[in-house]
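Read the structure below first, then the notes.
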Amino acid sequence: MASYTKEDIIRLVEDEDVAFIRLQFTDIFGTLKNVAVTASQLERALDGRIMFDGSSIEGLVKIEESDMFLKPDLDTFTIFPWRPQQGKVARLICNVCKGDGTPFEGDSRYVLEKAVEEAARMGYTMKVGPECEFFLFQTDDAGVPTTKTREMAGYFDLGPVDFGENARRDMVLTLEDMGFVVESSHHEGAPSQHEIDFQYDETLRTADNIMTFKLAVKTIARQHGLHATFMPKPLAGVDGSSMHINMSLHRDGRNIFDDPTDPMGLSEEAYWFVGGLIKHIDGMCAVLNPLVNSYKRLIPGYEAPSFKAWGAGNRSPLIRIPYAADSKDRRIELRSPDGAANPYLALALCLRAGLDGIRSKINPPAPISGNLNLMSDAEKAKQGISSLPENLNEALKAFERDKFLQKVLGAHVSEKYVEAKKKEWNDYSTYISQWEIDHDLYRL
């Protein structure tokens, strides 16, 4: 990512004929928001003097303390390649600040910044590579998204069977125009399901990149008359969409997860990091898998983890240690998160849980080598393998029991997040679905 000064951005806006600048921020539920200003207001924006009403954003503040300011991260400046070439549109990703200029504790980007700072105090930098999956569906005549698709392509299929190939190609080219290093893209296992993988980066930049990625994918899909969704399980009977998170810790330019003398190639710190993740994963699920729908993906038989276990190469457990041809590529892959997660909060929890494992020297359980989906309940019980939360309500209860995770997010975010998610669960629990009508009405 480029490094910019205020003067650099002012010059670029003038030279590139930028007419609008979108000041973007992310609410605690992972929804991208923005305030747009014209080029005439650029200096005010760069100085963090653009104000907005925080009480209008769910999960931020009450009406009596609603004046919030947007402080841009200058290095996130980019020009949208899909907007007009005259009167272009650029963006800056911002932190939310209070009237006195101090960080707002309810800003999810600030939550991640604090986690990154703690890692730095311990001498670590975490690098993260996400694997982002999504579906491309048709829209109706009014442009409203549906779950319809005419394609039946599968894993690694290509055109003409893969109807989304052209849209996916344009997404990749657009992302590269915006500075992404796209490593690969392919059709995933379910019909109309796709994956685009971009290069790992430091933690905060990766969270920014995930938000930019989702915006670009949705925008280009719409240009092709399609709707891109990161909903975890939009279709029954096929695999859902994940956002696997690959993590490695670095000190003085060296990947400290690597130890060539260990049978699994892992250092003590890597084992402890895994231990920390497993210790806190039940409560983390409330953020990593934030929807009622998320738990319809986390069931056996659909390429998603449902048990708390780990292993090398094995794709059935929660945590996988992928093969690394080079020591710098040694990493831990957490397979439970999905694309509905707020990446700032998700990565803050992953980093701090792993650091807790290192600080407390938490050893993980023994790794497994077999396919968990083929093990009996008795075999799993014998090895001490338990299930992840089976629904959002269980995950929220686990989060409320885990005081460490609440401290990571802070009192404001924890309270507002749990309150909103409990309401979602209650709404779902009282909703009468068509399945219930179809299944029971006629026979009871």
Verify whether one side chain among [X] and [Y] offers a donor that lies under 3.5 Å from an acceptor in the other.
{"X": "S386", "Y": "K308", "result": "yes"}
{"X": "S108", "Y": "N342", "result": "yes"}
{"X": "E151", "Y": "H187", "result": "yes"}
{"X": "T146", "Y": "Q138", "result": "no"}
{"X": "T125", "Y": "E202", "result": "no"}
{"X": "S184", "Y": "H186", "result": "no"}

Subject >> For L345 against I28, the heavy-atom pair lying closest together >> reply: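 In terms of heavy atoms, the two residues are closest at CD1-O, 3.4 Å.
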
Subject >> Nearest atoms (heavy-atom pairs only) where M284 meets A353 >> reply: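 Closest approach of M284 to A353: SD-CB, 3.9 Å.
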
Between [X] and [Y], is the ring centroid distance below 6.0 Å?
{"X": "H412", "Y": "F104", "result": "yes"}
{"X": "F52", "Y": "F25", "result": "yes"}
{"X": "H194", "Y": "F135", "result": "no"}

Identify every side-chain donor-acceptor pair in residues 296-304 under 3.5 Å, counting partners at least two apart or on other chains, and give the distances.
unit_1 : atom_1 : unit_2 : atom_2 : d
R297   : NH1    : S336   : O      : 2.7
R297   : NH2    : R335   : O      : 2.9

Quick one: are [X] and [Y] in side-chain contact, heavy atoms under 4.5 Å?
{"X": "E195", "Y": "S185", "answer": "no"}
{"X": "E269", "Y": "L249", "answer": "no"}
{"X": "V111", "Y": "Y344", "answer": "no"}
{"X": "F80", "Y": "R91", "answer": "yes"}

Could you label the plane-to-plane angle of the [X] and [Y] rings as parallel, tilted or perpendicular, counting under 30° as parallel and over 60° as perpendicular?
{"X": "F213", "Y": "F180", "result": "tilted"}
{"X": "W425", "Y": "Y428", "result": "tilted"}
{"X": "F404", "Y": "H280", "result": "parallel"}

Side-chain donor/acceptor pairs under 3.5 Å, residues 231-239, sequence neighbours excluded:
unit_1 : atom_1 : unit_2 : atom_2 : d
K233   : NZ     : V238   : O      : 2.5

Distance to the ring centre below 6.0 angstrom and angle to the axis at most 45 degrees; does that hold for [X] and [Y]?
{"X": "K214", "Y": "F230", "value": "yes"}
{"X": "K421", "Y": "Y417", "value": "yes"}
{"X": "K380", "Y": "F307", "value": "yes"}

